[in-house]
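See below for the structure under consideration.
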Number of protein chains: 2
Amino acid sequence: MEAKKIKEADNQSVKPQEKTHSGCVGIIQPVQDALYVLSGKWKLPIIISLTFGNKRFGEMSKEIPKITDRMLSKELRELEMNQLVKRTVYDSIPVVVEYSLTDYGKTLNPAIEELYKWGKAHRQRIMGKG
Amino acid sequence: MEAKKIKEADNQSVKPQEKTHSGCVGIIQPVQDALYVLSGKWKLPIIISLTFGNKRFGEMSKEIPKITDRMLSKELRELEMNQLVKRTVYDSIPVVVEYSLTDYGKTLNPAIEELYKWGKAHRQRIMGKG
DNA sequence: AAACAAACTATAACAAAGTATAGTACTATA
DNA sequence: TATAGTACTATACTTTGTTATAGTTTGTTT
């Protein structure tokens with residue numbers, strides 16, 4: 001499988017000659033690239049689940065609150081295409097499929113960590129010091 | 001204006017008694033909280049634009065590639081509700097409206113920074129060492 | 001008075017994302 | 001033969017997100 005390309009539409013914008021205004025376009029684009037790969041409700045939950053150890057389909061299905069099998073399957077395939085997740089089939093009987101994070105997938109850790117910290121603080125702020 | 005509540009649906013899950021599996025649910029939820037606030041294609045671009053200085057509607061509209069006025073207006077309102085962005089009306093003539101990040105909005109900086117770094121590396125990986 | 005700018009807002013249409021439900025293929029066990 | 005486990009996939013549908021287009025208000029310039 002081949003890595004999904006970065007959206008064409010994100011390619012537009014800013015030839016080097018153009019004014020970069022305050023330089024913010026150079027920041028926006030990579031952030032949008034990241035969001036594109038992580039888009040949707042479930043990719044980060046799946047990745048997080050796998051940072052806690054390799055998992056089988058059924059385990060993840062139980063472990064990630066509210067995810068449906070369809071979404072799990074769909075998102076795992078996308079993550080695989082982007083080389084963040086690896087799928088290993090053991091030809092035991094019955095067949096067992098194990099998912100794991102690739103080394104590349106693990107490079108998302110610092111970003112996830114920051115989102116986690118912010119999200120935690122945000123929840124506390126909103127729920128009132130809970 | 002009042003801060004938008006965290007989605008009810010995100011409240012479900014895990015009573016303290018329940019098995020936390022490998023503890024990953026405790027990470028997933030805050031990350032989903034963060035994603036909820038930052039959801040959509042435009043909130044981070046808008047926030048990034050404002051980290052480079054206070055801006056007026058028209059400036060942001062030009063500076064953020066491809067955003068429509070409708071989305072800019074809608075997303076600014078949401079960010080304002082979440083206290084990430086402040087809207088200041090100067091009663092000059094003609095009236096001028098300035099948007100800025102709140103201190104709280106600025107706390108997103110580390111997360112954005114990590115997403116930026118990852119997105120930049122990802123683009124290089126995919127575009128081929130560009 | 002006519003045209004224009006800033007900062008939006010309304011309406012409708014369309015696209016993407018997500019959910020619900022059911023079903024498949026394989027094998028094992030009762 | 002019937003039931004069950006594992007790992008999905010198909011279909012249809014609903015919801016949410018985004019875009020396109022046009023219009024509003026207040027005031028300015030010509």
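Chain letters run A, B, ... following the sequence lines, proteins first and then strands; every chain starts at 1. For the numbers below, each heavy atom of this structure counts, side chains included, while hydrogens, waters and symmetry mates do not. Quick caveat, the model's predicted, so the values are computed rather than measured.
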Please name the residue in the list A/Leu84, A/Leu101, A/Val37, A/Thr51 that meets the side chain to side chain contact (heavy atoms under 4.5 Å, CB included) test with A/Leu108.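 With A/Leu108 as partner, side chain to side chain contact (heavy atoms under 4.5 Å, CB included) holds for just one option, A/Leu84.
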Provide, to the nearest angstrom, the distance between the [atom1] atom belonging to [X] and the [atom2] atom belonging to [N].
X	N	atom1	atom2	result
A/Trp42	C/dA17	CH2	C1'	12 Å
B/Lys55	C/dA7	NZ	C1'	17 Å
B/Met71	C/dA13	CE	P	19 Å
A/Ile67	C/dG18	CD1	P	10 Å
A/Ile64	C/dG18	CD1	P	13 Å
A/Asn54	D/dA7	CG	P	13 Å
A/Tyr90	D/dA7	OH	P	12 Å
B/Met60	C/dA6	CE	C1'	15 Å

Considering heavy-atom distances to DNA chain C, does A/Glu75 or B/Ser73 have its closest nucleotide positioned more toward the 5' end?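 Checking each residue's closest nucleotide, the 5'-ward one belongs to B/Ser73.
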Need one value for A/Arg70: base, sugar-phosphate or nothing, where a base atom within 4.0 Å counts as base even if backbone is also close, heavy atoms only.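 Base contact.
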Classify A/Tyr99 by what it touches in the nucleic acid, base, sugar-phosphate, or nothing, heavy-atom distance under 4.0 Å.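 The residue A/Tyr99 makes sugar-phosphate contact but no base contact.
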Per [X] side chain, nearest of listed nucleotides [options]:
X	options	answer
B/Phe57	D/dT18, C/dA7, C/dG18	C/dA7
B/Arg56	D/dA7, C/dA6, D/dA20	C/dA6
B/Arg87	C/dT19, C/dA7, D/dT19	C/dA7

Can you get from A/Tyr104 to A/Ile112 by hopping between Ile, Leu, Val, Met, Phe, Trp and Tyr side chains that sit under 4.5 Å apart?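 In one cluster: yes.
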Before accepting this row, confirm whether a basic side-chain N of the pair B/Arg56/B/Glu98 lies closer than 4.0 Å to the acidic partner's carboxylate O.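 No, B/Arg56 and B/Glu98 are not salt-bridged.
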Is B/Lys117 salt-bridged to B/Glu114, cutoff N-O under 4.0 Å?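 Yes, B/Lys117 and B/Glu114 are salt-bridged.
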5' priority, DNA chain D, between B/Asp69 and B/Lys74 [closest heavy atom]: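 Final value for this comparison: B/Lys74.
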Does any part of the side chain of B/Thr107, heavy atoms only, come nearer than 4.5 Å to the side chain of A/His122, both counted from C-beta?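 In short, these two side chains do not touch, never coming nearer than 4.5 Å.
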